[in-house]
There are 2 protein chains.
Amino acid sequence: MTDAPPRMTKQRAAVLTVLKQGGFRSAQDWHDRLRHDGSTAGLATVYRALQALTDTGDVDTVLTETGETLYRLCEAREEHHHHLRCRACGAAEDIDMPSIEGWAASVGAEHGYSRIDHTVELTGVCSDCAKAGR
Amino acid sequence: MTDAPPRMTKQRAAVLTVLKQGGFRSAQDWHDRLRHDGSTAGLATVYRALQALTDTGDVDTVLTETGETLYRLCEAREEHHHHLRCRACGAAEDIDMPSIEGWAASVGAEHGYSRIDHTVELTGVCSDCAKAGR
DNA sequence: ATCTAAGTGATAATCATTGTCAAAGAGGAG
DNA sequence: CTCCTCTTTGACAATGATTATCACTTAGAT
Ligand SMILES: [Zn+2]
Ligand SMILES: [Zn+2]
Ligand SMILES: [Zn+2]
Ligand SMILES: [Zn+2]
């Protein structure tokens, strides 16, 4: 019943390769980097690849305060986790706070809510960027 | 040095009134409700009023997973807090988790990040909506 | 009444993201 | 290899929330 995984094409391989540069970046950013590296992949294809990789759990996404989606190659695929992200350069650390998971569920139950979901994200400025004056 | 607060106009009063209906709703939703109540306020004016009210701390905002901004009259203006929101009807409870504030700062410091900010939001389905089958 | 700066609302512009669709590419069968 | 079929691609249009414009109105002040 699980859909067959999409075929690995030249474009998707290129997306995966550029993602290894690391950091949370927008689809357009990743697309720019691909073109810079010689790929001719279209923007729509990059969006499709990122969407597919997100669905399979190979890519993490976060939403900025402007509603833009940022994508990053996921390092700890199996575990649910959260991020501490540098607002200046896109670098990010995986963080986990096991107690938050249970806290979210119990707060929801206390108020009579079901199907609880939660969002926990931290942003800041990493030490490198702070040294460079942002 | 603080900018003079914007004048209280008929339109802003109308926005404040309709906001008392409660719940987190989009700017367009609030605009529809205003028109339904007889106001002729334009959509741009509603956006401006919501923005101004947000700046003064009279309105809370939250970002949906689709990047849409939702606005709600703020009940506990002075305290920094987080929300448990019903995805079906927009109802929301203020929640606070004082330990999260310190945790965010210390996790940031551990990783060498400065200027830490954080997002903690819960969503679910409230008991009324659950009874009504969503 | 007159002047002036702020506020309004219809509309156009912006911008990330998604939809469309004809053309290109990859397999498979013959 | 050739023909057929299904997937993927990429240029481009469409969407939808938000913001910018700008001529017009309004609320105070003189
Ligand atoms: Zn950085
Ligand atoms: Zn979690
Ligand atoms: Zn509800
Ligand atoms: Zn907080």
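Letters A, B, ... are given to chains in the order of the sequence lines, protein chains preceding strands, and every chain is numbered from 1.
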> Would you say the side-chain atoms of B:T56 and B:D58 include a donor-acceptor pair closer than 3.5 Å?
Replying inline: yes
>> At 4.0 Å (heavy atoms only), tell me whether A:S26 reaches a base, stays on the sugar-phosphate, or touches nothing.
In response: nothing
>> At less than 4.0 Å, is any side-chain N or O atom of B:Q11 found next to OP1 or OP2 of C:dG9? Yes or no.
In response: yes
>> So, OP1 or OP2 of D:dT7: does either fall under 4.0 Å of a side-chain N or O from A:T9?
In response: no
>> Under 4.0 Å, counting only non-hydrogen atoms across every strand here, what does A:T45 touch: a base, just sugar-phosphate, or nothing?
In response: base
> Of the candidate nucleotides C:dG7, C:dG19, C:dG9, which contains the atom at the shortest distance from the side chain of A:A44?
Replying inline: C:dG19
>> Tell me every residue that passes salt bridge (Lys or Arg N to Asp or Glu O under 4.0 Å) with A:D32, counting only those two or more places apart in sequence or in another chain.
In response: none
>> Nearest to the A:R7 side chain among C:dG9, D:dT7, C:dG7, which nucleotide is it?
In response: D:dT7
> Can a donor-acceptor pair be found between the side chains of A:D60 and A:H81 at a distance below 3.5 Å?
Replying inline: yes
>> Need one value for B:T40: base, sugar-phosphate or nothing, where a base atom within 4.0 Å counts as base even if backbone is also close, heavy atoms only.
In response: sugar-phosphate
> So what does A:R48 hit on the nucleic acid, given a heavy-atom distance under 4.0 Å: a base, only sugar-phosphate, or nothing?
Replying inline: base
>> Side chain of A:A27 only, heavy atoms from C-beta on: which candidate in C:dA10, D:dC12, C:dT17 is closest?
In response: C:dT17
>> If you assign each of B:L43 and B:M8 to its closest nucleotide in DNA chain D, which residue comes earlier from the 5' end?
In response: B:L43
> Phosphate oxygens OP1/OP2 of D:dT18: is one of them under 4.0 Å from a side-chain N or O of B:Y47?
Replying inline: yes
> For A:Q28, which contact category applies under a 4.0 Å heavy-atom criterion: base, sugar-phosphate, or nothing?
Replying inline: base
>> Nearest heavy atom decides the nucleotide; on that basis, is A:K10 or A:G67 closer to the 5' end of DNA chain C?
In response: A:G67
> Does one side chain, of B:E101 or B:H80, offer a donor that lies under 3.5 Å from an acceptor on the other?
Replying inline: yes
>> Less than 4.0 angstrom between a side-chain N/O of A:T69 and OP1 or OP2 of C:dA16, yes or no?
In response: no
